[in-house]
Novice: 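The following block contains the structure, expressed as structure tokens.
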Amino acid sequence: MTEKAAVLVGRRLPDAVEQRLQRNYAPRFNSDDVVYSADQLVELADGATAIIPCHTERLSAQVIERLPDSVRAICSFSVGYDHIDLAAARARGIIVTNTPDVLSNATAEIAILLLLGAARRAHEGARMLRTDSWGEWSATGQLGIEVTGKRLGIIGMGRVGQVTARRARGFDMQIHYHNRRRIDVDLECGATFHADLATMLPVCDFLSIHCPATAETTGLLNAERIAQLPDGAVVINTARGAVVDDDALIAALTSGKLFAAGLDVFNGEPNIDPRYRELDNTFLLPHIGSATRETRDAMGFRALDNLDAIMAGREPRDRLA
Ligand code: DGY
């Protein structure tokens, strides 16, 4: 009987995914679900053929350089790959994959939840009920912004951006988008493409971020760009915290330049900038864009499909490096 390949699993994964891993590989599970340090990752990978990290495991160039030679693949349980240094992996001949497509619906649902929650001040209303501080109903209290018919700008019209646009059309929103390149007209469904972000920002009552965090997009939403948004705009982020300059966003929320922000992702998660918590006009969630049972199973199976392909000497579907 041939020995099963050892696989280092970064975090606890859904039961069905761990069971499939157990059937086909010799998994090194993380039953305590702790976030491994760089040293632990290197140590635990000793003799492993592959690593299945989540976005919480940072596979920087330094970590990848120290990985044992046994490691042939990094099959991430995530669509985002800003936690993996692709150039370093390439240099060591390590194949890297991610899990696109399967989390687009779930993440777009959270984008819409944030959009509605921020616009309609859901967090303030919910807090009133939980703290028993709901006074009399008032014709002028708790006034939010109506979403229906407004203009939504999308930065990054990839899979999640496109699904978010389709859902937003259910509210008769007019969609604008900025992307590295224009997408097929069929996929646009009437959305307006802006080659230049500067032409889109002034027409965004709502701005939703869906681009990956890269060297080019880090700090993209800075003070200068926020100033180009209409007064009273709402910012939504389900992509990565790194795309936003926190000081600039917090200043605009404090001054009233922006009406509100709905954020699921943050710089330095889970230790977010505490000023976000102090603001009433922030609707905050703990990075749960892909957190549905269906999607987390699908992400795991997609990561394993990639791993199976690599182990069988085939090209994996979602190769990044
Ligand atoms: C992703 O897949 O990138 C999500 O942010 C969860 O990690």
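Order of listing sets the numbers, starting from 1, for every ligand and every atom in it.
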Novice: Table please: side-chain donor-acceptor pairs of residues 84-92 below 3.5 Å, with sequence neighbours left out.
Specialist:
from: Asp85; atom 1: OD1; to: Ala87; atom 2: N; distance (Å): 3.2
from: Asp85; atom 1: OD1; to: Ala88; atom 2: N; distance (Å): 3.0
from: Arg90; atom 1: NH2; to: Leu320; atom 2: O; distance (Å): 3.4
from: Arg92; atom 1: NH1; to: Ile64; atom 2: O; distance (Å): 2.9
from: Arg92; atom 1: NH1; to: Glu65; atom 2: O; distance (Å): 3.3
from: Arg92; atom 1: NH1; to: Leu67; atom 2: O; distance (Å): 2.5
from: Arg92; atom 1: NH2; to: Leu67; atom 2: O; distance (Å): 3.2
from: Arg92; atom 1: NH2; to: Asp69; atom 2: OD1; distance (Å): 2.7

Novice: Who pairs with Asp231 by side chain to side chain contact (heavy atoms under 4.5 Å, CB included), at least two apart in sequence or on another chain?
Specialist: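 Partners of Asp231 under the side chain to side chain contact (heavy atoms under 4.5 Å, CB included) test: Lys257.
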Novice: Using modelled atom types only, decide if a donor and an acceptor are shared between the side chain of Tyr25 and the backbone of Arg20 within a distance under 3.5 Å.
Specialist: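 Between the backbone of Arg20 and the side chain of Tyr25 there is no qualifying donor-acceptor contact (under 3.5 Å).
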Novice: Can you find a heavy atom in the side chain of Arg319 that is under 4.5 Å from one in the side chain of Ile95?
Specialist: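 Sidechains of Ile95 and Arg319: in contact.
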Novice: Check for a donor-acceptor pair, side chain of Asn237 on one end and backbone N or O of Gly262 on the other, with a separation under 3.5 Å.
Specialist: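 Checking the backbone N and O of Gly262 against the side chain of Asn237, no donor-acceptor pair under 3.5 Å is found.
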Novice: Determine which pairs satisfy side chain to side chain donor-acceptor pair (under 3.5 Å) with at least one residue from residues 163-172, sequence neighbours left out, and list them in order.
Specialist: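 Qualifying pairs, neighbours excluded: Asn105-Arg167.
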Novice: Using heavy atoms and a cut-off under 4.0 Å, could you grab the residues that are in contact with ligand 1, chain by chain, numbers ascending?
Specialist: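 Around ligand 1, where the cutoff is 4.0 Å for heavy atoms, the contacting residues are His55, Ser78, Val79, Gly80, Leu103, Arg240, His287, Ser290, Met299.
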